[in-house]
Number of protein chains: 2
Amino acid sequence: MQNNQFKKGELYSFITGKASTAIARRLQKKLNQAGLNITIEQWSVLYHLWKKHGLSQQELCLATYRDKPSITRLVDNLEKLNLVKRVPSESDRRINLIYLTKQGQKMEEETMQLADQTLNEALKTVPSSKIELCKEVLQIVYDNLK
Amino acid sequence: MQNNQFKKGELYSFITGKASTAIARRLQKKLNQAGLNITIEQWSVLYHLWKKHGLSQQELCLATYRDKPSITRLVDNLEKLNLVKRVPSESDRRINLIYLTKQGQKMEEETMQLADQTLNEALKTVPSSKIELCKEVLQIVYDNLK
DNA sequence: TTTGATTAGTTGTATAAACAACTATATGCA
DNA sequence: TGCATATAGTTGTTTATACAACTAATCAAA
C-alpha cells in the first residue's frame, strides 16, 4: 500500500537531506581551501550567471529556488565582493539585470573544477545507472511538491 | 570513465538538494497550518529526543549533523518554547542532558503524522524499489564525504 | 598530585532563509 | 485617461548555520 511505504524511523534523513548537505559542505571547504572568498549560496547564483548573463533578480529567484529577499541580499553581498553589478533595465525600470564583473567571470573555471571534483568524490563508488535513477527520483519528489 | 559521469549542467540540483529543501518546506508549512509554533530544525531535534530521552547536546550534534553552537541555540529556543529542559548530568558536570517537557512529549504524535503525510505526498508516485535505491545512493554519498 | 590535553558547552560574528510589509513601476481594462 | 491590480525589488525581524575563540570540567600520564 502506497500510503505506508515509509516507516517513521526512516523519515529523518530524507527530510534533512544529509547527503546534499554533505556535498555542499565539501564544496564550501574546497572553496575556502582555494582561498576563494565566497559561500556556496553565492556560488549558486554565479553558476546561473555564468550560464546566462544579465538575468534579473526575479529570474535568479526561479533558478535558485529562493525568495526575493534572499536574492536581494545575495546580490548585495556579491556586489560588495565586486563579483556582480546591478544594471537597471532600460525597458522596465522595476528590473535589475545582474551582470558579472571581470572578477566574477574569472571565477567560473576554478570553481567549476572544484564542483566537479566534489561530485566525483561524492559519487565515485556509485554506478552511473544508479545515479541516473536517483536523480530521477529526486526530480519526481521535487515535482510532486511544487 | 568514472571521472566524468557528471556534466556541469547537472551539478546544481545535487549540490543544492532542491528535493530535500522542498520536503522540508512542505513539512514546515504543515506545521504552521496546524498552528504548531516550531521550525523543522527544532522538530529535527525533538525527533531524536522522542526516540531517546535525555540525550546530551553532543549526542544531538551527532544525531542531527549540526555543530555545537547550532545545538546550543536550538536547545535555547526549544527551552524558551518550554518544549525541553536542560538537566546537568550528575556524573559529569560538563554535560547537559536534554529532556522533553510534557508539552514537548505531546507534540510527537501530531507532528509525526504530518511528517508521514509529507513524505507520502513527496513519494506518492515513486515505486518503493526506486525509493530504496535512492536512499542507498544518498547514504553512499554521505559516507563518501564523511 | 600536578599539569597538559581533551571534551562539553557557550558566545561573538557573518551569512543566509522565511515571512510580512513596504515602495516603485508597469499593465490592463473600463 | 485613470484607477485597480500585478510585478520587481527592498527592508525589518526571527531563526538557523558555520567558524573561531572562549570557559569549565574531566582525564591521563609523569
Side-chain angles (χ1 to χ4, degrees), chain A residues 16-18 20-22 24-33 36-46 54-81 83-84 86-98, chain B residues 16-18 20-22 24-33 36-46 54-81 83-84 86-98:
Chain A
T16 55
K18 68 177 182 181
S20 58
T21 304
R25 283 178 183 159
R26 174 66 60 98
L27 175 54
Q28 181 70 69
K29 189 179 286 179
K30 283 183 192 296
L31 292 170
N32 295 344
Q33 282 168 350
L36 299 168
N37 189 28
I38 59 168
T39 65
I40 20 157
E41 293 84 359
Q42 291 166 358
W43 177 84
S44 77
V45 171
L46 295 177
L55 292 173
S56 70
Q57 293 188 202
Q58 185 56 50
E59 289 171 322
L60 285 172
C61 291
L62 294 173
T64 65
Y65 314 104
R66 290 183 171 88
D67 70 356
K68 291 190 293 175
S70 296
I71 290 297
T72 292
R73 276 138 183 165
L74 280 172
V75 172
D76 285 350
N77 286 335
L78 286 167
E79 261 193 331
K80 277 184 214 154
L81 293 170
L83 297 173
V84 307
R86 283 178 168 95
V87 177
S89 162
E90 302 203 339
S91 61
D92 185 337
R93 287 191 298 163
R94 291 171 304 180
I95 294 176
N96 292 332
L97 300 175
I98 312 301
Chain B
T16 55
K18 67 175 183 180
S20 59
T21 304
R25 284 178 183 159
R26 175 66 60 98
L27 176 54
Q28 182 69 69
K29 189 180 285 182
K30 283 183 192 296
L31 293 169
N32 295 343
Q33 282 168 350
L36 299 168
N37 188 28
I38 58 167
T39 65
I40 22 160
E41 292 85 0
Q42 290 165 359
W43 176 84
S44 76
V45 172
L46 295 177
L55 292 173
S56 70
Q57 294 187 200
Q58 185 56 51
E59 289 170 322
L60 285 172
C61 291
L62 293 174
T64 65
Y65 313 105
R66 289 183 172 88
D67 69 356
K68 292 190 291 175
S70 296
I71 289 297
T72 293
R73 278 140 183 164
L74 280 172
V75 171
D76 285 350
N77 287 334
L78 286 166
E79 260 192 331
K80 279 184 211 154
L81 292 169
L83 297 173
V84 307
R86 283 180 168 92
V87 177
S89 163
E90 302 203 337
S91 62
D92 184 339
R93 286 190 298 162
R94 292 171 303 180
I95 294 176
N96 291 332
L97 300 175
I98 312 301

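The chains referred to below are lettered A, B, ... by the order of the sequence lines, with proteins before strands, and numbering in each begins at 1.
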Inset, instruction - Considering only heavy atoms of chain B and a distance under 4.0 Å, specify the first and last nucleotide of DNA chain C in 5' to 3' order that meet this criterion. - result: C:dT7 to C:dA18
What contact category does [X] fall into here, base, sugar-phosphate, or nothing, at under 4.0 angstrom with non-hydrogen atoms?
{"X": "A:Leu74", "answer": "sugar-phosphate"}
{"X": "B:Thr39", "answer": "sugar-phosphate"}
{"X": "A:Asn96", "answer": "sugar-phosphate"}

Answer yes or no: is there a side-chain heavy-atom contact under 4.5 Å between [X] and [Y]?
{"X": "A:Leu81", "Y": "A:Gln42", "answer": "yes"}
{"X": "B:Ser44", "Y": "B:Arg66", "answer": "yes"}
{"X": "B:Val84", "Y": "B:Leu46", "answer": "yes"}

Legend entry - With A:Ala24 via side chain to side chain contact (heavy atoms under 4.5 Å, CB included) - residues at least two apart: A:Ile40
Inset, instruction - Return the set of residues passing side chain to side chain contact (heavy atoms under 4.5 Å, CB included) with A:Gln58 (not counting sequence neighbours), or none when no residue passes. - result: A:Ser56, A:Cys61, A:Leu62, A:Lys68
Inset, instruction - Find the distance between CZ (B:Arg73) and CG (B:Asp76) and round it off to the nearest 0.5 Å. - result: 8.0 Å
Legend entry - Residue whose nearest DNA chain D nucleotide is more 5′ - B:Arg73 or A:Arg73: A:Arg73
Inset, instruction - Could you pick out which residue, A:Pro69 or A:Asn32, lies toward the 5' side of DNA chain D when each is mapped onto its nearest nucleotide? - result: A:Pro69
Given atom [atom1] of [X] and atom [atom2] of [N], what is their separation to the nearest angstrom?
{"X": "B:Ile71", "N": "D:dT17", "atom1": "CD1", "atom2": "C1'", "result": "11 Å"}
{"X": "B:Ile40", "N": "D:dT17", "atom1": "CD1", "atom2": "C1'", "result": "13 Å"}
{"X": "A:Gln58", "N": "D:dA6", "atom1": "CD", "atom2": "C1'", "result": "12 Å"}
{"X": "B:Asn77", "N": "D:dT14", "atom1": "CG", "atom2": "C1'", "result": "9 Å"}
{"X": "B:Tyr65", "N": "D:dA18", "atom1": "OH", "atom2": "P", "result": "14 Å"}
{"X": "B:Ile38", "N": "D:dT15", "atom1": "CD1", "atom2": "C1'", "result": "13 Å"}
{"X": "A:Gln28", "N": "D:dA18", "atom1": "CD", "atom2": "C1'", "result": "9 Å"}

Write down the protein N/O and nucleotide N/O pairs, taken from nucleotides 22-29 of chain D, whose separation is under 3.5 Å; answer none if there are no such pairs.
residue, atom, partner, partner atom, Å
D:dT26, OP1, B:Arg93, N, 2.9

Inset, instruction - Would you mind telling me which residue lines up with the more 5' stretch of DNA chain C, B:Thr21 or A:Lys80, judged by nearest nucleotide? - result: A:Lys80
Legend entry - Results of salt bridge (Lys or Arg N to Asp or Glu O under 4.0 Å) for A:Lys30 - residues two or more places apart only: A:Glu121
Inset, instruction - Would you sort out whether A:Gln28 and A:Asn32 count as a side-chain contact (heavy atoms from CB on, under 4.5 Å), showing the intermediate values? - result: CA-CA 6 Å; A:Gln28 181 70 69; A:Asn32 295 344; 3.1 Å; yes
Inset, instruction - Not counting sequence neighbours, which residues clear side-chain hydrogen bond (donor to acceptor under 3.5 Å, both in side chains) with B:Gln57? List them please. - result: B:Arg86, B:Asn96
